[in-house]
Visitor: 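Shown below is the structure under consideration.
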Amino acid sequence: MTQIAIDAAFDSGNIEVLSIDGASARLAIPKDHNSEFKQWFHFRVAGKAGEEVTLKITGLNDSAYPGGWPGYDACVSEDREYWARAASSFDKDEEGGTLTIHYTPASNIAYFAYFAPYTMERHHDLVAEAAACEGVELTRIGETLDGQPLDMLQTGEGDKQVWLYARQHPGETQAEWWMEGALECLTDPADPVARSLLAKCRFHIVPNCNPDGSRRGHLRTNAAGTNLNREWAEPSAEASPEVLAIRNTMDETGVHFAMDVHGDEAIPAVFLAGFEGIPSWTDALGDEFYRYERILDRRTPDFQTELGYPKTPAGRANLAISTNQVAERFGACAMTLEMPYKDLAAFPEPEQGWSPERCKMLARDCLAALLEWLDQS
Ligand code: ZN
């Protein structure tokens, strides 16, 4: 039997090899730098075509979200374009919690990841391609601690200030696949939804809020080990320059509508979270959020409102979280969009599960819902 080889020393790679025995390996997930979070994995396995590999990712009971593993199948690709699922099972009693992945590659190589990766190289392709489109303006609004650019794209001639931003949590790659769908829509000169939105809105888009965590292969933090979505009350140049740059730019533009795009480890559904509990909550502003939620729910079967986070009680909102800060600071209709790592429990697609393709289609529905929301108000 062939001895497999495992590598992760590439853009967004992350795994520790404990041992390899023939076509089986014992693995562990390294923590994000300077933090306790671990959940993101991305590595390649070189083996032999047609020979099954068995991969055991151990020590998951103390991962960031142990509830993410039961009912989860690992993502796998042989060409790094099409991502399917490899049958996986979780045993909390094996070696501190072990996810066992079985897969038989058709070629001598296969890539495995927590979700279809979105590398920094692909990010640069996305930004450059969008910036080359008519009416799109690129601004480098900041620099990360690793010295990477923080990019914003702006487009549209309207007076509604719309902010779309993603990947504060870098391992939530769903969020940048969503961005790819949103940008394809907004830069298509033939798209009627885009043409109408661009007449009504000025879009401010940050496709990746956390380039350092993305390239380092982190789940949740930047190069300093900071969880950016707990920095919005008091961002600093030392710990969270990304949030500081984005919030300062928002202060210049103002915000009417904001969507912060994320992934959720445990919940097998797409859902929105609002800003209940902010000090200046009004039912009128809250109703604007619930109205958007209803429109999106009607537009796509991939969205639902039954599963999600509990609503925060009155006056208890954490203003360090982006959606709460943006709603409070600007009186904006702000929201957090969450997509799953697992498949949708209520609407599964077993071959791919929740996938890049579905993230991109959801983005189009979110934009169409925004247009309908604006037309009704
Ligand atoms: Zn998140």
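As the structure lists them, so they are numbered: ligands from 1, and atoms in each ligand from 1. Bear in mind that the values here come from a model prediction, so they are computed numbers and not experimental data.
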Visitor: Are W177 and Y118 close enough that their ring centres sit under 6.0 Å apart?
Guide: yes
Visitor: Is the distance between the Zn ion (ligand 1) and the nearest N/O/S atom of E172 smaller than 2.8 Å?
Guide: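 E172 does place an N, O or S atom closer than 2.8 Å to the Zn ion (ligand 1).
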Visitor: Does R202 come within less than 4.0 Å of D159, counting only side-chain N to carboxylate O?
Guide: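 No, R202 and D159 are not salt-bridged.
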Visitor: Quick check: of its N, O or S atoms, which one does H262 have closest to the Zn ion (ligand 1)?
Guide: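 So the atom name we want here is ND1.
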Visitor: Less than 4.0 angstrom from a charged side-chain N to a carboxylate O is my criterion; do K342 and D73 meet it?
Guide: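 No salt bridge links K342 with D73.
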Visitor: Quick check on the hydrophobic clustering: are Y292 and I205 connected, directly or via other members, by side-chain heavy-atom contacts under 4.5 Å?
Guide: yes
Visitor: Restricting to N, O or S, what is the name of the atom of H169 that lies nearest the Zn ion (ligand 1)?
Guide: ND1
